[in-house]
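Scope of the values below: all heavy atoms of this structure, side chains included, with no hydrogens, waters or symmetry mates.
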Amino acid sequence: LVLASDNQVVSWKEHFDNWSNLNVVVLAGNTSSRQITIDNEIDVHDDHGRLIQDYIRCDVVLTAYKTFLSNSQNLMEIEWRYVIADDGSKMKNSRGRIRNLIKQLKYEHITLSMEWEMLKPKNDYQIYFLMNFINPQLFNNFNDFVNTFVPYEGEKMIQLNKIVEPFILTRDVDMIK
């Protein structure tokens, strides 16, 4: 499952088409067209028309965040191998509807994709909420986090960066060339 902003869905689809032979279904459009897509391109039914749980007809379902909000119940019925949340900075808001719905999905792995600048917290607590989303077992106590790492500066910043580093994949322009 790939979740992206409206304008990035097209880009993701183009990249999948150019770089893979995966069967990618874009879940978009109005309510009735989304339901047709779910019924005919995503859901798998047995010979009696019953839904077969945790199987889908495609390799990848690609959808925009606002479509995900409208169809989250359908997508929550599937046990996903991977979830990719483009613009992962949306997970910084601990009360955000998107974050809370994604946390309810069943998945083995999740990847958040975001610009490096988005990782820099606007306040000391956003890094906790982002890491709590990625690894709630390690970042499970807000008060412990605050007592250990806030304010996010100096030695506290160095210590937290060492813990967070394995969860972040970064690259610079020279690495891409």
Out of curiosity, does [Y] fall in the hydrophobic cluster containing [X] (side-chain heavy atoms, cut-off under 4.5 Å, transitive links)?
X      : Y      : result
Ile98  : Val83  : yes
Ile38  : Val44  : no
Trp80  : Leu69  : yes
Tyr128 : Val150 : yes
Met157 : Val146 : yes

Salt bridge (Lys or Arg N to Asp or Glu O under 4.0 Å) between Glu41 and Arg57, worked out:
CA-CA 6 Å; Glu41 298 186 56; Arg57 293 181 194 218; over 6 Å; no
With a 4.5 Å limit on heavy-atom distance, are the side chains of [X] and [Y] in contact?
X      : Y      : answer
Leu75  : Leu27  : yes
Val60  : Tyr82  : no
Val10  : Lys13  : no
Tyr107 : Leu1   : no
Ile42  : Ile78  : yes
Lys66  : Asp6   : yes
Ile110 : Leu105 : no
Phe68  : Ile102 : yes

Would you please test His15 and Val24 for side chain to side chain contact (heavy atoms under 4.5 Å, CB included) and show each step?
CA-CA 11 Å; His15 288 304; Val24 178; over 6 Å; no
Could you give me the CA-CA distance, side-chain angles and deciding distance for Val26 and Trp12, then say whether side chain to side chain contact (heavy atoms under 4.5 Å, CB included) is met?
CA-CA 10 Å; Val26 176; Trp12 273 93; over 6 Å; no
Kindly compute the distance separating [atom1] ([X]) from [atom2] ([Y]), expressed to the nearest 0.5 Å.
X      : Y      : atom1 : atom2 : value
Asp59  : Ser20  : CG    : OG    : 8.0 Å
Ile163 : Asn161 : CD1   : CG    : 9.5 Å
Glu77  : Leu51  : CD    : CG    : 6.5 Å
Lys90  : Arg99  : NZ    : CZ    : 14.0 Å
Leu101 : Ser72  : CG    : OG    : 4.5 Å

Go through the steps for Met91 and Leu112 under the test side chain to side chain contact (heavy atoms under 4.5 Å, CB included), then give the verdict.
CA-CA 9 Å; Met91 304 317 130; Leu112 304 181; 3.9 Å; yes
Parallel under 30°, tilted from 30 to 60°, perpendicular over 60°: which one fits the rings of Phe142 and Phe145?
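Rings of Phe142 and Phe145: parallel, as their planes differ by under 30°.
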Using modelled atom types and a 3.5 Å cut-off, is there a donor and acceptor pairing between side-chain atoms of [X] and backbone atoms of [Y]?
X      : Y      : result
Asn135 : Met131 : no
Arg34  : Ser70  : no
Asn71  : Asn74  : no
Tyr65  : Asp86  : yes
Asn18  : Glu14  : yes

Can you list the steps and then say if Gln35 with Asp39 is a side chain to side chain donor-acceptor pair (under 3.5 Å)?
CA-CA 6 Å; Gln35 192 58 53; Asp39 292 342; 2.9 Å; yes
Shortest non-hydrogen contact from Ser5 toward Ala64
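Answer, listing the atom of Ser5 first, then Ala64: C-CB, 4.4 Å.
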Specify the closest pair of heavy atoms between Ala4 and Gln8, including all atoms of both residues, with the distance to one decimal.
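In this case the closest contact between Ala4 and Gln8 is CB-CB, 3.9 Å.
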What's the verdict on side chain to side chain contact (heavy atoms under 4.5 Å, CB included) for Phe16 and Val2, showing C-alpha distance, side-chain angles and the deciding distance?
CA-CA 11 Å; Phe16 274 116; Val2 178; 4.1 Å; yes
